[in-house]
Student: 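Sharing a structure, written as structure tokens. Questions coming.
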Protein chains: 2
Amino acid sequence: MSKELVFGHQSPDTDAIVAAIAFADFEKQLGKEFEPVALGEPNDETKFVFDHFGASVPRVIKTAANEVEAVALVDHNEAQQSVSDIADVKVTHVVDHHRIANFQTSNPLFYRAEPVGCTSTIITKLYHEYELEIPKQIAGLMLSAIISDTLLLKSPTTTADDEAAVKELATIAGEDYAAYGKEMLRAGTNVDSKTAAALIDADAKSFTMGGKSVRVAQVNTVDVNDVFKRQDEFETAIKAENKAEGYDLFVLMVTNILDSDSEGLIIGDPTTPVETAFAGKLANNRIALPGVVSRKKQVVPPLTDAFNA
Amino acid sequence: MSKELVFGHQSPDTDAIVAAIAFADFEKQLGKEFEPVALGEPNDETKFVFDHFGASVPRVIKTAANEVEAVALVDHNEAQQSVSDIADVKVTHVVDHHRIANFQTSNPLFYRAEPVGCTSTIITKLYHEYELEIPKQIAGLMLSAIISDTLLLKSPTTTADDEAAVKELATIAGEDYAAYGKEMLRAGTNVDSKTAAALIDADAKSFTMGGKSVRVAQVNTVDVNDVFKRQDEFETAIKAENKAEGYDLFVLMVTNILDSDSEGLIIGDPTTPVETAFAGKLANNRIALPGVVSRKKQVVPPLTDAFNA
């Protein structure tokens, strides 16, 4: 078998980059050659994680078909979140924890999805199922990915499997996960030093809902006013992005990771499905999202349902 | 959690029915309530299997949403192969060994696919991963499903995992798998006693390829002349079915399970992709398919590629 590339989604978060590295190691231990790559530069949190564990971030690719015939996807499956030429390569493996949509293959493949908080939790289970050892550095990276995706096991996406994986990986990596986790999350919430244009693109995914192109971005902070004191700047940046990329609707989740609450900034059309999905009214383009921290579990499903209603 | 239904594809073969029973038992051992049902009556081979192991065949359903809110799919994922009202229920689990197409969800789910010869092989692995015991009767049923899907481990879809599962399940079930397997396969090739209309519908699946509706059916036999001596009757039945169901193209694979060869009977339009896919020419609506026994691995991928070329 010739080499394959393995990568997470565009605008990568910590799990998207870490899961590619871990899955490549898992397959290497099974005798296969997968090179982990990324579809974008690491964010501040991911940089903190790689510095902390002395690991190297993977190189960034724009296309895959110029290098390989086949690829593995981690932490995503929807084509619009993947490499630009995904249609020109064969997908042999997917490991993911999201819904399945806009994804199809001609051939049978290895597809492993579970409704858990993080792809790295599933990869931890894969190491166990095949009785392979988790290297110490990769344990530290996967620990960080699970803390990132579950907001230190507080997100409603968190399952017993995520908790078990965090405890086991912390032991292998030699970390106090609670103390390390808080430090890591804080490192990822550096809002003041960045432009609105950069922040709305740092953790953003595109969806097709009811025939409309919907962009859902998330900014984590310890105070939502860090964003809303600059609301005009954010609105200008979002309008420019909607126009440039053809998004009908932009939903920016501004999430207080300490309180586990969000407030939404909503720009575009139609906004009625947003009000329906979250049983509220827009005021000054904003809507309260109490208790909402998970795009995947608390925003995309009700919004999809509201668009299709 | 309220009860869910679990079922295999329409026109069920042995694996479609057995995998539903096995997955329901697996989930029951984990404390969940899944009722195995079927989307059609068992074929002759499946009846032989259930008689042999003294098992009861599941009831047949036409719709799911009138009974449950959520379902699990085994041995298929494509909507057109599933229950008629699949769009009205939530899919929580899929265990399958086919390509993924025409399948999407709003929510994260448990999806387990591997490119192995049989869904029952994957369920055998699941029992092991969760350290659960495989009941003797279910071991016999899953053994039969793997023998059926892999034509006694001779199909090119067969993997080392299928071989290992067959040996282990045969031990649990107390069967000589080679002797039992030949007897079982022979029981499923009863061509002379059936109408062409029944035979072309007994193991058939629908696909969308290049915007066309393509039906691919398979008849197993120990002599392809069992079918072609009645070619006129088959052509009439296929033309009637194409018209009634709106299929553009019907591909009937007539497979000699002893020689591991097939011959195709092709009715409809366009036929050029068939000639491209199998590098041959149609004569008298027939095309030689030497070495071809697997619809999933040897017919659907090249035909899909030819339609999309």
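The chains referred to below are lettered A, B, ... by the order of the sequence lines, with proteins before strands, and numbering in each begins at 1.
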Student: Could you name the residues of residues 298-309 of chain A that have a heavy atom within less than 4.5 Å of a heavy atom in chain B?
Tutor: A/P301, A/T304, A/D305

Student: Which residues satisfy the side chain to side chain contact (heavy atoms under 4.5 Å, CB included) test with A/T208, sequence neighbours excluded?
Tutor: none

Student: Could you tell me which residues satisfy side chain to side chain contact (heavy atoms under 4.5 Å, CB included) with A/D161, sequence neighbours excluded, listed by chain and number?
Tutor: A/E114, A/V116, A/T121, A/K125, A/T159

Student: Is the shortest side-chain heavy-atom distance between A/R99 and B/Q104 below 4.5 Å?
Tutor: no

Student: List in chain and number order the residues that pass side chain to side chain contact (heavy atoms under 4.5 Å, CB included) with B/D203, two or more places apart in sequence or in another chain; answer none if no residue qualifies.
Tutor: B/Q218, B/R295

Student: I need the A/I100 CD1 to B/I100 CD1 distance, nearest 0.5 Å.
Tutor: 5.0 Å

Student: Determine whether more than 12 heavy atoms belonging to other residues, nucleotides or ligands lie under 6.0 Å from atom CD of A/E129.
Tutor: yes

Student: Is there side-chain contact between A/P108 and B/K297, with at least one heavy-atom pair below 4.5 Å?
Tutor: no

Student: Relative to chain A, which of B/N107, B/T92, B/N102, B/T105 shows the most heavy atom pairs under 4.5 Å?
Tutor: B/T105

Student: Which one wins on heavy-atom pair count under 4.5 Å against chain B: A/F103, A/F207, A/F110, A/Y111?
Tutor: A/Y111

